[in-house]
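Here is the structure we will look at, set down as structure tokens.
Computation of the quantities below employed the complete heavy-atom set of this structure, encompassing side-chain atoms and omitting hydrogens, waters and symmetry-equivalent molecules.
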Amino acid sequence: MPRDGDIVLAMAYLGLRWSELAALRVADVDLARRRVHVVERATEVDGRLDVSQPKSKASNRYIGISTMVADLLEQRIGGRQLEDLVFPSPEGSHLRVRNWRRRSGFDSAREALGIVYAHRFRSRLGDREHC
């Protein structure tokens, strides 16, 4: 992908939903303890962004960070304020999935590879939704 490939890697290796990634703030990333704390989500509903706590207590969680992802996150958050988003839009606000997929080249890369993209799927473990 020409840009934002680190977003795909962060989602894959951290197991974040899109809404959790879009709401992740610098204060939620603890590189010393190598973990991310999921405390907020940013969901688009009818063109409006709803930023709030995760939908369940289980969704408020800590996730371990691998060395590769720690390096990516360190590059993203270096020198930024605690309240800043880790993955902001070009305007500095929350990312919106449709805009990001088009702008980042994700859709083009997916099509070039012949990958069918499922926006949501259910895992067999606990019937949880993932993006």
Mind checking whether H37 and Y62 have parallel, tilted or perpendicular rings, split at 30° and 60°?
parallel

Apply side chain to side chain contact (heavy atoms under 4.5 Å, CB included) to the pair D28 and V39, showing each step before the final yes or no.
CA-CA 8 Å; D28 304 328; V39 295; 3.4 Å; yes

Connected via hydrophobic side-chain network under 4.5 Å: [X] and [Y]:
| X | Y | answer |
| --- | --- | --- |
| V26 | L85 | no |
| V97 | L16 | yes |
| V38 | V51 | no |

Minimum heavy-atom distance [X]-[Y], with the two atoms named:
| X | Y | value |
| --- | --- | --- |
| S19 | T43 | CB-OG1, 3.6 Å |
| E44 | G47 | OE2-CA, 3.6 Å |
| A23 | A42 | CB-N, 3.6 Å |

Side chain to side chain, [X] and [Y], heavy atoms closer than 4.5 Å:
| X | Y | answer |
| --- | --- | --- |
| L73 | V36 | yes |
| S108 | R102 | no |
| R103 | P90 | yes |
| L9 | V69 | no |

To the nearest 0.5 Å, tell me how far [X] [atom1] sits from [Y] [atom2].
| X | Y | atom1 | atom2 | result |
| --- | --- | --- | --- | --- |
| I63 | R61 | CD1 | CZ | 4.0 Å |
| L21 | L95 | CG | CG | 7.0 Å |
| N99 | E91 | CG | CD | 8.0 Å |
| Q81 | E83 | CD | CD | 5.5 Å |
| M68 | L72 | CE | CG | 6.0 Å |
| D6 | D71 | CG | CG | 12.0 Å |

Do [X] side-chain atoms and [Y] backbone N/O form a donor-acceptor pair below 3.5 Å?
| X | Y | answer |
| --- | --- | --- |
| D4 | I7 | no |
| D46 | R48 | no |
| R80 | R76 | yes |

Please lay out, stage by stage, how W100 and F87 fare under the test side chain to side chain contact (heavy atoms under 4.5 Å, CB included).
CA-CA 11 Å; W100 176 80; F87 301 103; over 6 Å; no

Checking side chain to side chain contact (heavy atoms under 4.5 Å, CB included) against I77, which of L31, D84, L24 comes through?
L31

Pair R41 + E20, salt bridge at N-O below 4.0 Å:
no

Tell me, with the steps shown, if S66 and R34 meet side-chain hydrogen bond (donor to acceptor under 3.5 Å, both in side chains).
CA-CA 7 Å; S66 70; R34 298 190 39 161; 5.8 Å; no

Could you walk me through whether R35 and V29 pass the side chain to side chain contact (heavy atoms under 4.5 Å, CB included) test, one step at a time?
CA-CA 6 Å; R35 66 184 186 178; V29 178; over 6 Å; no

Does the salt bridge (Lys or Arg N to Asp or Glu O under 4.0 Å) test come out yes or no for E40 and R25, once each step is laid out?
CA-CA 9 Å; E40 198 171 51; R25 296 190 182 274; 3.3 Å; yes

